[in-house]
There are 2 protein chains.
Amino acid sequence: MMKALVNKKTTEQASETEISVNHQKLIDATIETIAKRGLADTTIAHVAKRAKVSQGYANFRFKSKDNLLISSLQYLSDEYKKSWQKIFEEKNIDPIDRIIRIVQNDFSSKIANRNKISVWIAFYSEVKFRPSYLTICQRQDEIYSQQMEKLVSEINNITSQKEFTPKEVSETYHSMVDGLWQRILFDPKIYTNEFCKNLVLKYFKSIYVNEDRFA
Amino acid sequence: MMKALVNKKTTEQASETEISVNHQKLIDATIETIAKRGLADTTIAHVAKRAKVSQGYANFRFKSKDNLLISSLQYLSDEYKKSWQKIFEEKNIDPIDRIIRIVQNDFSSKIANRNKISVWIAFYSEVKFRPSYLTICQRQDEIYSQQMEKLVSEINNITSQKEFTPKEVSETYHSMVDGLWQRILFDPKIYTNEFCKNLVLKYFKSIYVNEDRFA
DNA sequence: ATAAAAATTGAATGATTATTCAATACAAAA
DNA sequence: TTTTGTATTGAATAATCATTCAATTTTTAT
């Protein structure tokens, strides 16, 4: 009896740390399904089929569809966070180069592609009605903004630019990125990643007039 | 027989031009329901109840739920368009004042409130999967962008600003608006309409350095 | 006032879909 | 091998919802 209890606990721990293959397969399949069919048309049956497990299992593994969706959003959020976190942290790189890398990342094909964007917007559209979605998105934004403001204030110090506060620049950039992502979804012919990236760099150019690297 | 035909035609014409009360009641109810419950949870039954007609009637009147949703998006789009169309057309007003009015309009409480925004984003999120949604949104954007570019080029002429093309300024502005609307939904405490408006005006200030009206 | 036509109802239908769970396959331990 | 526990299946269930339509109310024309 004692042994059984201990065993059970070990198993639980294992499944928490070493993320099971099926767990990840299902999350990937969920994101792919939302990208291909839209959130409204994403059923457990579709996801399970794509992940090549039974419908019953998908539900069993995540307790509920809701839970599967939340886990998928969390995964998407973590993936994005990882991509910018390390750029912000490279303290030995010039801050202007660092911000350029942030822009490059935000419009890299890995991040800003129509599939990923459509999934983000699908979740955004439900944020007002699902507190758990809101929490995940807000947490991400908060840290990003905070790091961005710090980076901008470093640049402001170097360039002795006084007209625009770090907060203003950070918020403007952030909203531009969100807006441009949306537009990539609408009209990818015009809004190529390159076009968007250059538009944002041009914005920085308007703030930091003497800095040629933004041109 | 002849008379009957004529009568019928008159009735049809009437119901097309003088939009029936129920028609508009249902569209309003649809927008309200999406705002309150989200698109995923918007059923004909909820809409009908809010519009105070029977569920069967709602479906009969619009042929299908799909059709009702498209009509609602079209209405929203038209309403927004009307609000900016007349500002662009006021040719006797100084272009800088005109662009300031455009900004004021885009962040007026009538346009940029959480209810309206959540409905917009709900439709945006389905744009990739519903060609009819895409068409409505694209048509709107195209005309807006076109007018905006024209306005910016007028301002560029006056200010002899050469660094930033009308297209660039217009696209940047447009994406900022979309991004900020999204952020109003996430965190209305920080992103008040006033805050957003000032952020955008500050952007224009960075382009048109000598123009005090943007400050 | 009456008949004919149109508008509106609401209950029934059928399709879709999340969730459950008994049955089966699989793996590990004895 | 046999036993025991876990992972996985897939068919059944129950709920939700768009759509239909026969019946009823309201409006219009005579």
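Chain A is the first sequence line, chain B the second, and so forth, proteins listed ahead of strands; every chain is numbered from 1. None of the values given here were measured: they were computed from a predicted structure.
Looking at D106(B) and K197(B), no side-chain N of the basic residue comes within less than 4.0 Å of a carboxylate O on the acidic one, giving no salt bridge.
Whole-Å rounding puts the R61(B) CZ to dT19(D) P distance at 16 Å. Here dT8(C) presents its C1' atom at 15 Å from CZ of F62(B), a figure rounded to the nearest Å.
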Practice item. Assess whether ring pair (Phe, Tyr, Trp, His ring centres under 6.0 Å) is satisfied between W181(A) and Y80(A), documenting all intermediate values. Key: CA-CA 14 Å; W181(A) 282 7; Y80(A) 178 43; 5.6 Å; yes
Show me, pair by pair, the donor-acceptor contacts under 3.5 angstrom made by side chains of residues 146-155 of chain A, not counting sequence neighbours?
{"from": "Q147(A)", "atom 1": "NE2", "to": "Q85(A)", "atom 2": "OE1", "distance (Å)": "2.8"}
{"from": "S153(A)", "atom 1": "OG", "to": "K150(A)", "atom 2": "O", "distance (Å)": "2.9"}
{"from": "E154(A)", "atom 1": "OE1", "to": "R98(A)", "atom 2": "NH2", "distance (Å)": "3.3"}

Can you give each donor-acceptor pair under 3.5 Å made by side-chain atoms of residues 129-137 of chain B, sequence neighbours left out, with the distance rounded to 0.1 Å?
{"from": "R130(B)", "atom 1": "NH1", "to": "D66(B)", "atom 2": "OD1", "distance (Å)": "2.5"}
{"from": "T135(B)", "atom 1": "OG1", "to": "P131(B)", "atom 2": "O", "distance (Å)": "2.9"}

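Between dA7(C) and N22(B), no contact under 4.0 Å exists linking OP1 or OP2 to a side-chain N or O.
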Check your understanding: Where along nucleotides 14-21 of chain C does protein come under 4.0 Å, by heavy atom, of base (B) or sugar-phosphate alone (S), with - for untouched nucleotides?
Key -> ---SBBB-
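With a 4.5 Å cut-off on side-chain heavy atoms, V119(A) and K116(A) do not count as touching.
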